[in-house]
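Below is one structure; the comments refer to it alone.
Just follow the structure's listing: the first ligand is 1, and inside any ligand the first atom is 1.
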Amino acid sequence: MRVVVTGASSGIGYQLALQLVRSGAKVLVTARRKERLDQLISESTSGHANGSAFIYALPGDLTDPSHRAAIVAWCDREWGGIDTLVNNAGAGAIGPFAEASADRLRRVMEIDFFAPVELTRICLPLLLKGVRPAVLNIGSVLGHRAVPDKSEYCAAKFAMRGWSESIRVELAPHHVEVLMVSPSTTRSEFFDALMDTKPDTQSRSLGSMSPERVAQLAIRALVKSKRDMILSLGGKALVWLARLFPYLTDRILTRTSDDDSLSKAGR
Ligand SMILES: NC(=O)c1ccc[n+]([C@@H]2O[C@H](COP(=O)([O-])OP(=O)(O)OC[C@H]3O[C@@H](n4cnc5c(N)ncnc54)[C@H](OP(=O)(O)O)[C@@H]3O)[C@@H](O)[C@H]2O)c1
């Protein structure tokens, strides 16, 4: 199996790549931090006979169209096809909408929405040459039910989910599966890499998962062709609560938001 994993320098993507290589897949990993990708390569090849033949790194910024084109050119030249594209790279921002800038919204949408969408578009000719081809999108529970103070991130993950749903049906006749897994809070570097967010901003959550566990469940979703999977019990509970009692959910979430933000923005 030939797999491209984006955002493999830390967290969920790192663990996904590690587990895929250990299960015998050939994996191309990408992210901006080259030294982290090198670390991933040495970890995944240690104790693995001929391991370096299974993992390759192409460092770069996924929001840059030339880096996306380089990924596709590499896969075409080296593999002649792609079996699975994992759109995992992402980043968030926390803080009230009223205090945020247009730039923050654009940056979040670039990495969480436009980059995976455009990478998928240019990977399609190679996916069509793949064996049981699939696109696995790493979404978020916040792409099912939005919460306050994460408006840009929620918007990007909702957009990703809508796009996934649309192309899932478009690509079905071509036998390309489009799957989405939605984690809840995961103990990764995500909250250290928040964009334009006040230092020491905390994200409230009920429990969290390890990136190893999220990667395990994501691979299981891929193997079992789960079209749209929410990973945690808490995430499922939030989504069902919101479906059954939308007004009550709004009221509960209102209590968790920064109520002072609008008055501050008006000053
Ligand atoms: N952590 C959570 O609580 C949580 C919950 C739900 C969903 N998710 C989703 O899970 C996915 C993985 O996040 P994570 O939790 O594993 O966070 P993470 O540890 O911060 O990993 C994010 C990955 O994305 C890469 N990335 C970010 N911006 C990039 C860019 N411009 N170009 C290329 N790569 C870029 C980072 O690499 P470089 O910095 O080296 O480029 C890193 O490898 C994301 O899509 C996230 O939205 C996370």
query = Which one holds for Ser184 and ligand 1: side chain close, backbone close, both close, or neither close, with close meaning a heavy atom under 4.0 Å?
reply = backbone
request  = Could you tell me whether Ala8 approaches ligand 1 through its side chain, its backbone, both or neither, with non-hydrogen atoms closer than 4.0 Å?
outcome  = backbone
ask   = With a 4.0 Å cut-off on heavy atoms, does Lys157 reach ligand 1?
value = yes
task = Assess Ala193 for proximity to ligand 1: is some non-hydrogen atom of it under 4.0 Å away?
result = no
message = To check your reading of the model: name the closest protein heavy atom to atom 12 (C) of ligand 1, its residue, and the distance in Å.
response = Asn88 OD1, 3.2 Å
inquiry  = Applying a heavy-atom cut-off of 4.0 Å, say which part of Tyr14 lies close to ligand 1: side chain, backbone, both or neither.
reply    = neither
request  = Answer yes or no: does an N/O atom from Gly13 fall short of 3.5 Å to an N/O atom of ligand 1?
outcome  = no
message = Heavy-atom count check: over 12 atoms from other residues, nucleotides or ligands less than 6.0 Å from Arg251 CZ?
response = no
remark   = Checking heavy atoms under 4.0 Å, the part of Ala89 that sits near ligand 1 is both
query = Backbone or side chain, does any N or O of Phe191 fall under 3.5 Å from an N or O of ligand 1?
reply = no
key: Within one Ile-Leu-Val-Met-Phe-Trp-Tyr cluster: Leu127 and Met180, side-chain cutoff 4.5 Å   = yes
key: Thr63 N/O under 3.5 Å from ligand 1 N/O   = no
query = Is there a nitrogen or oxygen of Glu189 sitting under 3.5 Å from a nitrogen or oxygen of ligand 1?
reply = yes
ask   = Looking at ligand 1, does any of its N/O atoms fall within less than 3.5 Å of an N/O of Ile111?
value = no
message = Heavy atoms only, cut-off 4.0 Å: how does Arg187 contact ligand 1, side chain, backbone, both, or neither?
response = neither
ask   = Do ligand 1 and Asp61 have nitrogen or oxygen atoms that lie under 3.5 Å from each other?
value = yes
